[in-house]
Amino acid sequence: MSEVRTRFAPSPTGYPHIGGMRTAFYAWLLAKHYNGKFLLRIEDTDQERLVRGAIKQIVEGLAWFGVIPDEAPSNKELSEIGESWDGAPDIGGQYGPYIQSLRLPRYKEVAQQLIDSGHAYRCDCTPEMLERERNEQMARKELPGYSGYCRTRNVSAEKPHVVRFKMPAKVSLVLQDAVRGRVAWDNIPLRDSVLLKSDGFPTYHLAVVVDDHDMKISHVLRGEEWLPTTPLHLLLYEALQWEKPIFAHLPQVLGPDGKKLSKRHGATAYDAFRDDGYLPEALFNFVVLIGWSPGEGEEQEVFKIEEICRRFTLEHVNKAGGVFDYNKLAWMNGVYIRSLQPDDFVARVTPFLEKAGLKVDPQRFGAIAPHVQERIKLLTEAAPMVEFLFVDKIERDMQQMFKKDIDRAKARQILTLSLERLTKLEAFEIAPIEGVLRPLAEELGLKVGPMFGVLRIAVTGKTITPPLFESFAALGREKTLSRIEETVKLLE
RNA sequence: GGCCCCAUCGUCUAGCGGUCUAGGACGCUGGCCUCUCACGCCGGAAACAGGGGUUCGAGUCCCCUUGGGGUCACCA
């Protein structure tokens with residue numbers, strides 16, 4: 001097989017969406033699997049919907065997941081359109097520019113070629129005319145679209161115009177799609193689509209065909225929403241007498257309601273996931289598994305990225321859309337968090353603690369971190385669990401101490417005696433702490449559960465914390481004792 | 001509405017005619033472990049949308065119905 005070359009070709013019209021990211025992952029995985037090349041191309045042909053900074057977000061978003069294109073817009077290209085930024089990776093490549101607004105002459109050239117060969121024509125119909133035409137067609141319940149009025153009018157190139165494709169009257173086509181198999185259009189009517197807009201920019205249809213051809217793309221991976229316009233693209237390849245790439249129309253990522261995943265489903269931008277405390281490797285693993293599985297009876301679901309790379313082929317890409325299950329993602333994120341090296345976990349979670357307003361003491365946190373690591377699914381969940389270590393004053397809801405076996409007097413007794421025994425400890429460490437507290441429970445005829453509950457609230461203010469002795473040891477003698485003392489006073 | 005795509009537990013999926021009394025995972029749930037919460041372990045409920053064919057034999061192939069989705073711009 002000749003070299004596999006795939007591309008991710010987003011239009012910079014907004015934030016990078018997780019569904020779109022998956023398309024990039026698949027394209028990247030396919031290229032890597034076959035030792036090919038993965039490129040990033042910016043499709044900025046809609047000047048009205050451009051969003052400044054979107055390209056940066058796309059590039060950085062991919063990088064966050066470890067997806068680095070082999071070919072992509074160079075810094076020079078970026079600055080030509082005023083979208084460069086500090087620290088932008090200067091990638092480039094021999095098939096550039098990789099930004100469509102920088103390739104306008106090429107599209108014009110191909111459009112002219114199509115006019116010359118009789119496959120396209122200039123059209124100067126006004127939007128008003130088109131609008132009226134469309135309304136009439138709708139009223140007659142016809143297929144809405146351009147009638148072909150200018151086909152034979154030979155509109156001058158001097159006048160403002162668009163270039164339209166001369167669509168055959170009835171079209172029958174067959175596509176061998178790499179994920180869907182045979183897709184056929186049998187004698188369908190199609191209208192003359194615009195190829196080149198009046199502002200000199202190409203439409204998606206022209207640009208994508210020209211660039212995929214020029215950049216020697218071997219596999220076109222895109223969402224299945226593109227399937228209905230594929231006949232146009234196929235016809236374009238034929239009119240140009242270009243070899244077609246392999247098409248793979250990917251199933252969509254759906255929201256919980258079964259509709260295409262979008263903003264209204266909540267967090268879908270990659271940076272929202274990042275801020276919510278998801279690990280990129282977990283998100284990547286999870287998202288790839290919507291619409292692809294290793295097959296072959298494999299029952300494992302958590303894979304290293306290299307492993308996914310090794311096993312990824314189009315054969316096991318599903319046809320049906322898949323719902324994005326936040327629940328399962330959270331579970332998987334927890335699995336990834338637990339598998340982190342302890343110091344790596346500390347490094348990743350510390351920014352989240354700081355963002356929660358905690359002044360983190362590395363010493364104290366390091367002691368308790370492994371216990372936190374095992375208890376959270378999102379990095380954002382760590383802060384409330386260790387807050388007691390890093391604040392001066394804690395809030396306590398005393399009512400939570402009182403259970404069936406424990407009233408106010410009992411709580412005081414527990415705290416007073418604990419304080420007494422703990423104070424006598426030579427080394428304020430985990431084992432010695434346990435050594436005095438457990439016997440005390442027995443002495444008082446209490447189960448450790450309820451008794452430790454009282455101490456937990458007294459010292460941490462929470463009902464959910466890392467293990468008690470470990471928490472005390474991490475907090476240190478002074479603070480632990482003073483908080484117990486404080487609570488005793490509060491109970492009076 | 002036209003065209004196109006899709007259809008296995010609530011969700012992600014395995015299954016490529018017999019090994020399926022349909023497997024795994026999330027979630028849910030019963031239990032064990034246990035200082036709270038988690039983790040871990042053991043168990044449970046839960047699916048081939050319906051109807052026709054083809055075949056000795058259909059979750060697996062074909063057709064229809066139903067249901068869902070996408071798309072019909074000088075947006076991608």
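Chain naming here is simple, since letters A, B, ... match the order of the sequence lines and numbering starts at 1 in each. A quick note: this is a predicted structure, and the numbers were derived from the prediction, not measured.
In this structure, B:G40 and B:C32 make a Watson-Crick or G-U wobble pair, each of the two defining distances being under 3.5 angstrom. Across all strands shown, B:U60 has no partner, as no Watson-Crick or G-U wobble contact with both distances under 3.5 Å is found. Shown here, B:A45 forms no base pair; nothing in the strands shown gives a Watson-Crick or G-U wobble contact with both key distances under 3.5 Å. Nucleotide B:G1 forms a Watson-Crick or G-U wobble pair with B:C72, both donor-acceptor distances falling under 3.5 Å. The partner of B:G27, taking Watson-Crick or G-U wobble pairs whose two distances both stay under 3.5 Å, does not exist in any strand shown.
For B:C5 and B:C56, the C1' atoms lie 35 Å apart once the distance is rounded to whole Å. Taking the C1' atoms as reference points, B:U55 lies 23 Å from B:A49, given to the whole Å. Spacing between B:A7 and B:U11 at atom P, rounded to whole Å, works out to 14 Å. Remark: the separation of the C1' atoms in B:C9 and B:G1 is 35 Å, to the nearest Å. Distance noted for atom P between B:A22 and B:U29: 25 Å (whole Å). Rounded to whole Å, the separation between the P atoms of B:C39 and B:U66 comes to 46 Å. Comparing B:G59 with B:C4, their C1' atoms sit 25 Å apart, to the nearest whole Å. For B:A47 and B:A25, the C1' atoms lie 15 Å apart once the distance is rounded to whole Å.
For A:K166, the NZ atom sits in a packed shell: over 12 heavy atoms of surrounding residues, nucleotides or ligands are nearer than 6.0 Å.
A:K328 has no side-chain polar atom (N or O) that falls below the 4.0 Å cut-off from OP1 or OP2 of B:A25. Residue A:R191 places no side-chain N or O under 4.0 Å from the OP1 or OP2 atom of B:C72. Considering only side-chain N and O atoms, A:K260 lies under 4.0 angstrom from the phosphate OP1 or OP2 of B:U71. Distances shorter than 4.0 Å separate some side-chain N or O of A:K377 from OP1 or OP2 on B:G27. OP1 or OP2 of B:G40 sits under 4.0 Å from a side-chain N or O of A:R338. Remark: A:K319 is not in phosphate contact with B:U8, judged by side-chain N or O atoms under 4.0 Å from OP1 or OP2. Residue A:N327 places no side-chain N or O under 4.0 Å from the OP1 or OP2 atom of B:G10. Between A:K447 and B:U34 there is no side-chain N or O to OP1 or OP2 distance below 4.0 Å. The side chain of A:T463 places no N or O atom within less than 4.0 Å of a non-bridging phosphate oxygen (OP1 or OP2) of B:U36. Look at A:R438 and you'll find a side-chain N or O under 4.0 angstrom from OP1 or OP2 of B:C35. In this model, the phosphate group of B:A76 is approached by a side-chain N or O of A:T45 to a distance below 4.0 Å at OP1 or OP2.
A:T13 comes within 4.0 angstrom of no nucleic acid atom, judged by non-hydrogen atoms across all strands. A:F469 comes within contact range of at least one nucleobase, with a heavy-atom separation under 4.0 Å. Looking at heavy-atom distances under 4.0 Å, A:L468 makes contact with a base. At the heavy-atom level, A:N318 lies under 4.0 Å from the strands shown only through sugar-phosphate atoms. Among the heavy atoms of the strands, none lies under 4.0 Å from A:A441. Within the nucleic acid shown, A:S11 comes within 4.0 Å of sugar-phosphate atoms alone, with no base atom in reach, counting heavy atoms only. In this structure, A:E43 reaches the sugar-phosphate backbone alone: every heavy-atom distance under 4.0 Å involves primed, P, OP1 or OP2 atoms, never a base. Nucleic acid contact for A:W226: base, since at least one base atom lies under 4.0 Å from a heavy atom of the residue. A:V183 comes within contact range of the sugar-phosphate backbone alone, with a heavy-atom separation under 4.0 Å but no base atom that close. Within the nucleic acid shown, A:G322 comes within 4.0 Å of sugar-phosphate atoms alone, with no base atom in reach, counting heavy atoms only. As judged by a 4.0 angstrom heavy-atom cut-off over every strand, A:G145 is placed among residues making no nucleic acid contact.
As rounded to whole Å, 14 Å separates atom P of B:U11 from atom CZ of A:F286. One can place CG of A:L173 at 13 Å from C1' of B:C3, the figure rounded to the nearest angstrom. If you measure from atom CG of A:L289 to atom C1' of B:U11, you get 13 Å, rounded to the nearest angstrom. Per the geometry, CG belonging to A:D177 stands 13 Å off C1' belonging to B:C6, to the nearest Å. Whole-Å rounding puts the A:D325 CG to B:G10 C1' distance at 9 Å. When the P atom of B:A38 is taken as reference, atom CG of A:L378 falls 14 Å away, rounded to whole Å. For the pair A:L437 CG and B:C35 C1', the computed distance is 9 Å after rounding to whole Å. When the P atom of B:A14 is taken as reference, atom CD of A:E299 falls 12 Å away, rounded to whole Å.
To the nearest 0.5 angstrom, A:S293 atom OG is 12.0 Å from A:E299 atom CD.
Between A:E281 and A:K304 there is no salt bridge, since no side-chain nitrogen of the basic residue lies less than 4.0 Å from a carboxylate oxygen of the acidic one. A salt bridge is defined here as a Lys NZ or Arg NE, NH1 or NH2 lying under 4.0 Å from an Asp or Glu carboxylate O, and A:E381 with A:K377 fails to meet this definition. The pair A:R222-A:E43 fails the salt-bridge criterion, with no side-chain N (NZ, NE, NH1 or NH2) lying under 4.0 Å from an Asp/Glu carboxylate O. In summary, A:D257 and A:R264 engage in a salt bridge, as defined by a charged side-chain N under 4.0 Å from a carboxylate O. At a threshold of 4.0 Å, the pair A:R191-A:E133 does not count as salt-bridged, since none of the basic side-chain nitrogens sits closer than that to a carboxylate oxygen.
Ring geometry, A:Y26 versus A:F312: the interplanar angle falls from 30° to 60°, so the pair is classed tilted.
The base of B:C6 lies outside donor-acceptor range of the side chain of A:R180, with no N or O pair under 3.5 Å. One N or O donor and one acceptor, one from the side chain of A:S198 and one from the base of B:C74, sit under 3.5 Å apart. Side-chain atoms of A:E301 come within donor-acceptor range of the base of B:G24, with a qualifying N/O pair under 3.5 Å.
The closest side-chain donor-acceptor pair between A:D211 and A:Y107 falls under 3.5 angstrom.
Toward the 5' end of RNA chain B, the nearer of the two residues A:G449 and A:I188, judged by each one's closest nucleotide, is A:I188. Two residues, A:A320 and A:E296, neighbour RNA chain B, and the one matched to the more 5' nucleotide by heavy-atom proximity is A:A320.
Each of A:D186, A:N187, A:L190 was scored for a side chain to side chain contact (heavy atoms under 4.5 Å, CB included) with A:V171, with one residue passing: A:L190.
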